[in-house]
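Please read the structure below before turning to the comments.
Values reported hereafter were calculated over all heavy atoms of this structure, with side chains retained and with hydrogens, waters and symmetry mates removed.
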2 protein chains.
Amino acid sequence: MRVSESLVDVDPRVRRSREAVLAASVALFVEGGPRAVTVEAVSEASGVAKTTIYRHWRDRAHLLADTYRACLPVVESPDGGLAPEAALREVVRSLVHGMGQQPTRRALPHLISTPLDPVDSSALPADVLAQTFASLVSAISRAASSGVIPKDTDTMEAKHQLVGFIIMSAIDPTCAMDDDLADRIAELFIAGRQLGR
Amino acid sequence: MRVSESLVDVDPRVRRSREAVLAASVALFVEGGPRAVTVEAVSEASGVAKTTIYRHWRDRAHLLADTYRACLPVVESPDGGLAPEAALREVVRSLVHGMGQQPTRRALPHLISTPLDPVDSSALPADVLAQTFASLVSAISRAASSGVIPKDTDTMEAKHQLVGFIIMSAIDPTCAMDDDLADRIAELFIAGRQLGR
DNA sequence: GTAATACGCTACGGTAGCGTAGCATACTGG
DNA sequence: CCAGTATGCTACGCTACCGTAGCGTATTAC
């Protein structure tokens, strides 16, 4: 029917409720992980009645899935006109920036383990987290095929290397997630790949 | 009173029960995280009566803490006679090996997030995970002060770099956690540090 | 063999959370 | 102003899980 209906909820009451619920839900998830996201806790924290929550989400699993999504950063793909090396650096910057944002940063450990939870993963898209790193993977591939890093580079291994560095930094609350760090991560990665073996 | 009593349980019934419970508990934790470790589930999976479990562990939190510990790898410190670079490579090998072992490997995502859980972390020593990386940190420090990597290396940053690489590899079930990988991780790290900036 | 002890079993009481029903109230769009 | 609709509220029934009590049985050490 009308596609716009799901995007632009005309009734401001609906918009208000949804936003309040999701904000509270994210806050609870960040603070205490999936276990803290109970419908009753969300209701109390948001000021939205429990019954109203169930009018917008089929069950707790669907609410949790939306919460999970809301915690993930949006990593934009780099400008297609950029050279492979610059594009790689740009993606790393974007990733570091995204991972450094609240609530992503504090939710990160939970974001990693929640998809494995046999209860809480029920309605959770398994590839949402992987999707966050899609542009990084393609940037690595471009860098490899263009010779910025060795052509026989194992893309997945390189992904583990970069993502691991970024995530561990983000998990450490004392770590500044700025462009300096991003550039250093990219630099150490490229330098090691060029020299190593 | 007798210190030995807690270490050497003379009664084999006690030993049997404890081992059966912990084995089942670890299996449940690996499979479904802390949420799956319910006293009743452990009881059923182990064949040990619930009341017996409570005779050995004060409450669920203490059982979970032991389970958590049992999932962590033991990383031995490298031989003190080893040169800094060799020692670093050795620690990385040991870490990669330890993280590649079951049940550590599959439990890893849960091991990262559980300490942050306001419920399940109640009796969980916060530094147990960090302790696992203690020998790595000291190896990095030695490598830096001896000039294998730049002397002004940020130890914590280097730790994030190495631990992140290792953990992300371990989380990927398709990744072979062998000495080849360990050596490559160490090599890429050192090469990048020597050349980068 | 015998006393000590660990264990299994059943049955509790209590709590937290899920998801629903029904009805009254407040808000929104026209 | 009015009809439609979203919301709030109370009260449920249901399930899973925690932690305990009491008693009979089996295993162990001596």
Side-chain angles (χ1 to χ4, degrees), chain A residues 2 4-6 8-25 28-29 31-67 114 117-124, chain B residues 1-2 4-6 8-25 28-29 31-67 117-124:
Chain A
R2 276 163 284 172
S4 59
E5 192 182 69
S6 60
V8 184
D9 279 306
V10 270
D11 198 325
R13 291 175 290 182
V14 172
R15 214 175 57 87
R16 267 202 303 268
S17 295
R18 288 216 177 116
E19 284 177 357
V21 167
L22 218 51
S25 182
L28 288 166
F29 183 86
E31 198 57 41
R35 279 187 71 142
V37 183
T38 71
V39 181
E40 265 142 14
V42 172
S43 171
E44 192 179 7
S46 64
V48 175
K50 193 166 85 163
T51 45
T52 301
I53 296 178
Y54 278 105
R55 286 179 185 116
H56 292 290
W57 284 273
R58 182 137 55 94
D59 52 26
R60 176 181 173 275
H62 284 76
L63 171 59
L64 189 60
D66 280 354
T67 305
T114 303
D117 191 298
V119 175
D120 290 333
S121 68
S122 41
L124 236 50
Chain B
M1 309 285 184
R2 277 163 282 175
S4 60
E5 192 182 68
S6 60
V8 184
D9 279 306
V10 269
D11 199 324
R13 290 174 292 182
V14 172
R15 214 175 56 87
R16 268 202 303 269
S17 294
R18 289 215 176 117
E19 285 177 357
V21 166
L22 218 50
S25 181
L28 287 167
F29 183 84
E31 197 57 41
R35 279 187 70 143
V37 183
T38 71
V39 181
E40 264 143 14
V42 171
S43 171
E44 191 179 7
S46 64
V48 175
K50 194 167 85 162
T51 46
T52 300
I53 296 179
Y54 279 105
R55 286 180 185 115
H56 293 289
W57 284 272
R58 181 138 56 95
D59 52 25
R60 176 182 172 274
H62 285 75
L63 171 60
L64 189 60
D66 280 354
T67 305
D117 191 300
V119 176
D120 290 334
S121 68
S122 42
L124 236 49

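No side-chain heavy atom of B/H56 sits under 4.5 Å from any side-chain heavy atom of B/V21.
Below the 3.5 angstrom threshold, one finds no donor paired with an acceptor across the side chain of A/R13 and the base of D/dT7.
A/R60 has a carboxylate O that lies under 4.0 Å from a charged side-chain N of A/D120, or vice versa, which qualifies the two as a salt bridge.
B/D66 CG to B/S25 OG: the interatomic distance, rounded to the nearest 0.5 Å, is 8.5 Å. Here OG of B/S46 is found 12.5 Å from CD of B/E19. Values are rounded to the nearest 0.5 Å.
Counting to the nearest Å, the C1' atom of C/dT10 and the CD atom of B/E44 are 16 Å from each other. Distance CZ (A/R35) to C1' (C/dT15): 13 Å, rounded to an integer number of Å. C/dG19 atom P lies 11 Å from atom CG of A/L64, rounded to whole Å. When rounded to the nearest whole Å, the span between CZ of B/R60 and P of D/dT20 equals 15 Å. To the nearest angstrom, P of D/dA16 lies 16 Å from CG of B/L28. Rounded to an integer number of Å, the gap from A/E40 CD to D/dC14 C1' is 13 Å. If you take CZ of B/R15 and P of C/dC7, they are 12 Å apart, rounded to a whole angstrom. Nucleotide C/dT28 holds its C1' atom 6 Å from the CG atom of A/D11, rounded to whole Å.
B/E44 CD: 12 or fewer foreign heavy atoms inside a 6.0 Å radius.
At least one donor-acceptor pair closer than 3.5 Å links the side chain of B/T67 to the backbone N or O of B/L63. Of the possible polar contacts, none joining the B/S121 side chain to the B/L124 backbone as a donor-acceptor pair under 3.5 Å is found.
Comparing D/dC18, D/dT7, C/dC18 against the side chain of A/V14 picks out D/dT7 as the nearest.
Residues from residues 48-59 of chain B placing a heavy atom under 4.0 Å of any atom in DNA chain C, listed by number, are B/V48, B/A49, B/T51, B/T52, B/R55, B/H56.
Across all strands shown, A/R16 has heavy atoms under 4.0 Å from sugar-phosphate atoms exclusively, and none from any base.
Each end of the helix from C/dG1-D/dC30 to C/dG30-D/dC1 gets its own axis from five base pairs, and the two axes differ in direction by 40°, given to 10 degrees.
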